[in-house]
Student: 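Sending over a structure as structure tokens; questions will come in a sec.
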Amino acid sequence: MTTKMFGARIPRSEDPRLVTGNGRYLDDLGHDAYEAAFVRSPHAHARILDIDVSEALDVEGLVAIYTYEDLEADTASRVGEPLPLLIPHSTLTHGRTPYALARDEVNHVGEAIAMVVAENRYIAEDAASRIVVEYDFLPAVVGVEAARAAVDLVHDDVPGNVAAVMVQETGDADAAVDAAPHRLELDLAIERSASMPMEGKGVLAEWDPDDRSLLVHTSTQTSTSVRQAVAAKLGLPVDRVEVVTPDVGGGFGVKIVHPWPEEVLVPWAAVRLDHPVKWTEDRREHFVSSAHERGQLHKVRVGYDDEGRLLGLSVRFWHDNGAYTPYGLIVPIITSTQLLGPYKPGVYRVEFQSLYTNTVIVTPYRGAGRPQGCFVMERTMDAIADDLGLDRAVVRERNFIGPEEMPYDQGLVFQDGRALVYDSGDFPASLDKLKKLVGWEEFEAYREQARSEGRTVGIGLACYVEGTGVGPYEGGHVRVETDGTVVVSTGLTTQGQGHQTMLAQIVADELGVPFERIRVTTGDTRRFKYAVGTFASRTAVMSGSAVALTARKVRAKALSIAAEALEASEEDLEIVDGHVRVKGSPGESSSIDLGAVAVLSNPLRYAFDEASQRATQFASAADPNRPPVDAGDAPGLEGSDFYSPIRSTFANGMHAVVVETDPQTAEIKILRYCVVHDCGTIINPLIIEGQIHGGVAQGVGGALYERMEYHPNGQLLNASFMDFLMPYASEVPTVEIDHLETPSPLNPLGVKGAGEAGVIPGSAAIASAIEDAEGIAIRSMPISPSELFHLRKKNREGQTR
Amino acid sequence: MTREALVPVAFRVNGSPRQLEVPARRLLSDALRHDLRLTGTHVGCEHGVCGACTVLVDGRPVRSCLVFAVSLEGSEITTVEGCCNAEGGMGPVQQAFQDCHGLQCGFCTPGFITTITAYIDENPDPSEVEAREAISGNLCRCTGYQNIVAAVQRAAELRASTSPTGGPGSTGGPGSTGGSGAIGGAGT
Amino acid sequence: MKPSPFTYHRPGTIDEAVEMLGALGATGKVLAGGQSLVPLMSMRLAAPEHLVDINHVAGLDRVEVEERTVRVGATVRHRDVELHDGAHAAIPLIRQALVHVAHPTIRNRGTTVGSLVHADPAAEMPAVLVLLDGSVELRSSRGTRSVPAAEFFVGPMESSTTADELAVAATFARPPHGSGTAFHELARRHGDYAMCGVGAVVTTDGDNAVTAARAALISVGAGPVLVDLAGAVTGSGGGFQEAAVRDLLDAQIDPEDDIHASAEYRRHLAHVLTARVLDEAYAAAVVTRRGEEVA
């Protein structure tokens with residue numbers, strides 16, 4: 001009997017290769033390629049007056065040096081044009097993107113100015129260190145406040161440093177706030193952090209001059225889009241460019257941006273030099289020339305009734321988008337819309353300004369604007385509870401959208417350009433589970449006990465919703481080989497989420513084949529050409545559904561062919577363990593394995609092995625009155641299908657945290673971290689739990705440790721792992737998880753995304769707990785012991801409101 | 001600028017003698033990966049903090065990005081590839097990682113595997129607290145560490161159950177050289 | 001991030017090493033554990049033209065426990081000192097401090113003597129050396145000299161070692177009979193540099209009254225800050241007057257703001273941690289006394 005794979009907690013098929021050191025990450029490839037290094041701006045804002053490469057030219061092993069001049073001179077391509085603005089929006093009136101190599105001006109420390117290609121990275125860095133750039137310094141704009149004040153401008157032609165102003169509203173929220181029985185104003189801040197995968201970016205390009213084709217390997221989250229972009233920039237036909245994603249050591253959003261300057265320049269150099277060229281980003285480069293996220297300042301006005309029900313919510317916020325806007329306004333749009341969480345906000349208005357600063361660009365990092373929105377909403381909920389003397393869980397319950405109210409239209413436009421409609425979810429049930437899991441009702445007794453021991457503890461909670469599985473589409477291809485192996489491909493990419501295992505589980509059930517016979521490829525344009533990418537917690541929904549639909553197609557075809565071969569009717573057939581057989585008669589005479597069906601699906605003139613002999617024209621029992629391949633049919637036991645959602649499907653979750661603060665040192669310790677999580681139907685619980693653990697760790701990092709420290713002059717003071725504090729195991733709590741499954745009505749599998757869930761409410765829940773422990777308002781994150789010490793001092797001196 | 005001199009160095013890697021002639025500044029991490037094509041050891045930061053590059057030198061975990069290859073004349077180096085069993089399949093630590101879902105992207109994993117291999121040699125039966133402490137010098141961005149802690153204890157379990165004399169990893173692996181944690185005497 | 005090129009030297013004896021350093025002068029740098037030097041070189045913040053690798057020099061790899069001292073050779077790894085039971089029995093403070101030095105993996109390669117010469121104000125072992133009135137033995141072609149701890153740490157990242165000198169050993173002196181020690185530090189993460197750290201030696205007489213009390217603090221000055229706290233002793237039961245301790249500390253420490261902690265917070269930690277280590281060191285002293293009496 002076959003075990004059902006969907007929902008099974010099976011270990012991953014990716015693992016044996018990876019744990020034995022047989023992974024193939026970008027830098028593991030191209031050992032004989034030339035290597036690139038870059039001269040990057042050490043200044044946050046400057047005009048480039050001169051680039052003198054003369055001292056670098058006599059470095060032995062140097063191959064080439066390129067600057068913008070070389071890009072501009074290559075008129076057969078478009079490498080001299082600015083990099084694309086990927087997601088335009090009507091309100092992004094002043095979008096700006098960089099050149100692949102700086103043209104006249106640099107706008108952040110780390111911006112690439114010259115590319116050096118050499119025999120190896122050591123020599124490339126030697127040469128790069130000898131290139132002398134002359135600058136005319138310009139004032140640097142750092143931080144949201146400086147950007148708003150606009151004493152100095154990042155871009156001369158962008159007044160007020162404002163890239164965009166966007167408003168969404170469902171009515172006159174300020175009037176609703178003014179008219180409400182109670183009213184509060186809060187100022188909230190979240191600091192910059194970053195995805196910071198353990199593997200940085202990397203690109204390897206190989207040009208075949210005879211075939212005039214380009215093969216690019218890049219550590220990306222979207223090989224299909226990189227392919228389009230590289231072809232466009234290099235002036236090559238798309239079908240002459242293939243992009244393959246190797247094993248990727250984490251992405252978390254930073255690798256969805258494309259094309260990075262290096263993704264254009266390395267292939268361009270490979271073509272010019274007619275030699276493979278590789279670039280492996282080092283950690284410092286990653287800090288100063290990849291992307292950051294999270295930095296926002298919020299001003300909230302909320303009006304509510306005596307029960308704590310929201311009547312009006314008016315939010316204004318300022319989003320620091322860094323020096324350029326290649327990814328458009330996705331992050332602040334997500335903040336604006338996902339801020340609402342599982343609540344009915346009354347009348348809602350959100351306005352944001354996306355502002356330029358002379359710092360690294362800001363593009364999605366796991367959560368992509370949701371952590372900020374969740375922080376704002378959840379601190380507001382706590383503040384309301386505090387004001388009215390109500391239990392914080394009760395205030396939330398009173399504002400929940402009820403399960404009977406689904407689907408619920410919030411009246412806004414989401415990041416996919418479609419209506420923000422929650423399709424499903426049972427928020428009261430989730431909260432119930434969470435309260436039981438953490439022991440919400442029993443906490444006061446615990447607090448008393450701790451107090452008697454001289455210990456200070458607090459409990460916090462936070463709720464969120466997450467629009468997942470955004471479109472436009474993903475596709476799948478499934479083929480059964482003549483030996484019974486099933487080859488599956490989808491175009492999006494993998495960075496550790498276990499896609500090969502998860503998608504194989506789906507196909508195993510849909511097609512009725514053993515899991516071990518299935519091989520899955522992701523992110524290879526040679527195998528699947530139409531895709532969007534891996535981001536926004538969309539793989540299970542999008543590729544999962546596409547692959548399921550595809551497998552169903554292939555199953556139908558298999559049954560049709562087998563029915564003929566077995567002289568049975570299709571309704572009487574089933575596929576079990578890779579064999580098509582008549583239901584209820586498991587004997588050999590009435591079954592045929594899928595490999596044999598695959599042979600039969602492809603009528604041959606020539607046999608190449610014993611199995612294929614069955615399909616040759618004299619051996620097969622084909623009907624002479626029909627063509628060997630029917631009109632509209634195709635040879636092979638394979639199929640393709642796509643899934644395109646009407647809109648996003650909404651996952652949700654709630655976290656509760658118990659913290660202890662040290663009365664003397666102000667150290668903050670997490671005693672318990674509880675998660676209730678609803679991602680619809682679950683394909684592999686082991687993988688889901690892993691995703692939650694990882695997200696929680698990043699949430700803890702963002703709440704207590706991680707912050708990009710920019711000096712007002714634009715230098716990133718902590719551009720290393722020594723001073724950018726990502727948590728070790730000693731800093732991360734054990735996570736206790738409980739699940740709720742409200743299946744999605746929007747896709748064939750009922751799944752919702754799970755990739756970002758763990759991180760979204762981290763800062764909110766931890767702030768809530770610290771505030772509960774200390775009795776001090778926590779309105780800005782992250783928070784360190786030093787900062788808590790100072791907050792305590794201010795509070796004692798009566799300055800905190 | 002003339003091409004730099006190459007310095008000869010001889011050491012053993014995963015039980016096999018290797019001779020290299022590399023520039024003095026060649027980091028061990030790069031020598032392993034590019035000169036010896038043992039790409040299982042990964043480079044995450046090159047400032048010694050993340051631990052992805054951790055290998056065993058004379059049985060002890062060392063950051064290979066913080067050592068010059070030429071400095072290790074005569075040493076016994078073990079990489080993640082050397083933690084496999086005699087047939088080249090998964091050794092107990094590697095198996096434990098799969099059993100416990102202790103890896104996602106796999107980039108940091110080799111550094112954990114070597115570290116844990118040496119650790120359970122010295123501590124064959126760690127508690128959960130000890131296991132967590134043992135891995136608190138390696139960064140992972142994917143897993144949140146919980147399953148890696150479980151993998152430490154599972155690895156100890158597997159190691160103990162496979163063989164009374166030290167398990168499949170002992171053929172040329174780190175435990176057998178006796179170099180780990182020499183107590184009571186000077187380092188060799 | 002790859003280092004600049006350099007010429008590599010691998011002496012086999014102390015004499016060879018010293019001769020090389022003499023010839024190279026300011027262009028040469030000693031490579032021992034490399035755990036501080038190599039990342040600086042990879043970031044191209046340091047680019048010595050010559051490295052003298054002493055890892056294979058004979059005679060530098062011993063830990064010698066004598067009646068009044070523990071002597072650590074230049075190539076002894078932190079981890080070997082940490083695990084040395086004889087050294088621990090003689091001077092528990094050494095292991096108490098060493099467990100805070102980075103992570104075990106770093107301690108497997110980094111050397112204690114190297115850490116002393118590197119003279120990072122956030123490093124633990126300089127504080128231990130200073131607290132125990134230790135010394136560092138320096139050898140050059142001009143001869144050998146022994147520099148007492150109080151003179152060895154000249155400034156942040158600067159010891160009194162000259163370019164042509166090789167530090168061959170460090171000697172830690174045992175605290176007087178009836179002493180107890182402790183070391184505490186607070187860092188942002190496991191293994192990070194401390195925001196503030198304190199080691200203490202408290203000495204008692206036969207009645208368990210405190211006769212001497214000293215603390216050495218890290219990350220709150222240009223080097224390890226040694227503070228005599230005997231003046232804060234109150235009563236004869238190991239008590240220390242809180243305000244007096246604070247005043248004595250504040251007179252000597254000079255913490256700075258950085259991205260991890262404010263100066264004021266560091267100062268506060270200095271007060272809190274010093275109180276903790278004094279209590280612990282006193283308790284250890286009492287236990288030691290009891291042990292010595294029984295023996």
Side-chain angles (χ1 to χ4, degrees), chain A residues 35 37 59-61 118 120-126 128-130 200 280-287 662-668 700-701 704-711 716-732 782 784-793, chain C residues 1-6 35-36 38-47 99-100 102-106 120 122 184-198 219-220 242 246 255-277 279:
Chain A
E35 290 196 77
V59 170
E60 277 259 1
N120 63 52
R121 177 75 182 209
Y122 288 74
I123 295 172
E125 289 191 14
D126 291 342
S129 70
R130 286 160 168 235
T280 301
E281 184 179 53
D282 70 33
R283 186 53 52 184
R284 183 172 158 80
E285 283 183 291
H286 190 81
F287 269 99
D662 187 303
Q664 290 193 304
T665 64
E667 283 168 283
I668 300 159
V700 169
L704 300 176
Y705 296 98
E706 298 169 18
R707 164 201 268 135
M708 289 296 173
E709 301 276 358
Y710 268 100
H711 188 279
L716 182 58
L717 297 174
N718 61 341
S720 83
F721 282 163
M722 298 188 214
D723 291 314
F724 177 77
L725 306 175
M726 277 154 56
Y728 289 105
S730 35
E731 286 74 55
V732 176
S784 66
S786 181
E787 282 156 343
L788 181 57
F789 167 79
H790 284 280
L791 272 180
R792 284 175 171 175
K793 201 167 165 242
Chain C
M1 286 161 24
K2 312 294 182 190
S4 303
F6 57 85
Q35 304 299 279
S36 302
V38 176
L40 287 176
M41 289 177 67
S42 289
M43 293 190 231
R44 300 203 177 206
L45 295 171
V99 295
H100 294 287
H103 295 117
T105 302
I106 301 290
D120 191 323
H184 276 257
E185 71 174 49
L186 214 75
R188 288 289 274 128
R189 297 173 302 183
H190 185 279
D192 280 347
Y193 283 116
M195 291 184 283
C196 177
V198 190
S219 297
V220 289
E242 212 182 287
R246 275 203 311 265
E256 287 182 354
D257 288 320
D258 76 6
I259 62 175
H260 300 306
S262 70
E264 196 182 331
Y265 176 67
R266 294 190 134 95
R267 185 176 295 278
H268 172 77
L269 283 184
H271 301 160
V272 170
L273 294 177
T274 302
R276 288 185 186 174
V277 294
D279 284 346

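Quick note on labels: first sequence line is chain A, next is B, and so on, each numbered from 1. Computed from a predicted structure; not experimentally measured.
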Student: Under 4.0 Å between a side-chain nitrogen and a carboxylate oxygen: does that hold for Asp282(A) and Lys2(C)?
Tutor: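 No, Asp282(A) and Lys2(C) are not salt-bridged.
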Student: Just checking Arg284(A): does its CZ atom have more than 12 heavy atoms from other residues, nucleotides or ligands closer to it than 6.0 angstrom?
Tutor: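 Not more than 12 within 6.0 Å, no.
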Student: Can you tell which part of Arg44(C) gets under 4.5 Å to a heavy atom of chain A, answering side chain, backbone, both or neither?
Tutor: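 When you check distances to chain A, only side chain atoms of Arg44(C) fall under 4.5 Å.
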Student: Measure Leu186(C) against the heavy atoms of chain A and call it side chain, backbone, both or neither at under 4.5 Å.
Tutor: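 Contact with chain A: side chain only.
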Student: Side chain, backbone, both or neither: which part of Asn120(A) has a non-hydrogen atom closer than 4.5 Å to chain C?
Tutor: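 For Asn120(A), no heavy atom lies under 4.5 Å from chain C.
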Student: Chain C: which of Ile123(A), Asn718(A), Leu717(A), Thr665(A) shares the most heavy-atom pairs with it under 4.5 Å?
Tutor: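 Of the options given, most contacts go to Thr665(A).
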Student: Is any side-chain heavy atom of Pro727(A) closer than 4.5 Å to a side-chain heavy atom of Glu706(A)?
Tutor: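 Sidechains of Glu706(A) and Pro727(A): in contact.
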Student: List the steps and the verdict of side chain to side chain contact (heavy atoms under 4.5 Å, CB included) for Ser36(C) and Asp120(C).
Tutor: CA-CA 10 Å; Ser36(C) 302; Asp120(C) 191 323; over 6 Å; no
Student: Shortest non-hydrogen contact from Pro3(C) to Tyr122(A)?
Tutor: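 So the minimum-distance heavy-atom pair works out to CD-CE2, 4.1 Å.
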Student: Contact part of Ser786(A) toward chain C, heavy-atom cut-off under 4.5 Å: side chain, backbone, both or neither?
Tutor: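 Both parts, backbone and side chain.
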Student: Would you mind checking which part of Leu704(A) comes under 4.5 Å of any heavy atom in chain C, side chain (CB onward), backbone (N, CA, C, O), both or neither?
Tutor: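 Answer is backbone: N, CA, C or O of Leu704(A) sit under 4.5 Å from chain C.
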Student: Looking at Met195(C), Met43(C), His103(C), His271(C), which makes the most heavy-atom pairs under 4.5 Å with chain A?
Tutor: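 Greatest number of close heavy-atom pairs with chain A: His103(C).
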Student: Measuring only between side-chain heavy atoms, which start at C-beta, is His260(C) closer than 4.5 Å to Leu725(A)?
Tutor: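 In short, these two side chains touch, coming nearer than 4.5 Å.
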Student: When only pairs under 4.5 Å are counted, which of Glu667(A), Met722(A), Arg121(A), Glu787(A) shares the most heavy-atom pairs with chain C?
Tutor: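 Option with the greatest count: Glu667(A).
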Student: Where on Glu731(A) is there a heavy atom nearer than 4.5 Å to chain C: the side chain, the backbone, both, or neither?
Tutor: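 Glu731(A) touches chain C through side-chain heavy atoms alone.
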Student: Output all residues satisfying side chain to side chain donor-acceptor pair (under 3.5 Å) with Arg283(A), sequence neighbours left out; order by chain, then residue number.
Tutor: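 Counting only residues at least two positions away or on another chain, Arg283(A) forms no side chain to side chain donor-acceptor pair (under 3.5 Å).
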Student: The criterion is side chain to side chain donor-acceptor pair (under 3.5 Å); which residues satisfy it with Glu35(A), sequence neighbours excluded?
Tutor: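 Side chain to side chain donor-acceptor pair (under 3.5 Å) check on Glu35(A) returns nothing, list empty.
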Student: Is it the side chain or the backbone of Ser129(A) that comes within 4.5 Å of chain C heavy atoms, both, or neither?
Tutor: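 Side chain only.
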Student: For Glu125(A), is it the side chain, the backbone, both, or neither that has a heavy atom closer than 4.5 Å to a heavy atom of chain C?
Tutor: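 Both parts, heavy atoms under 4.5 Å.
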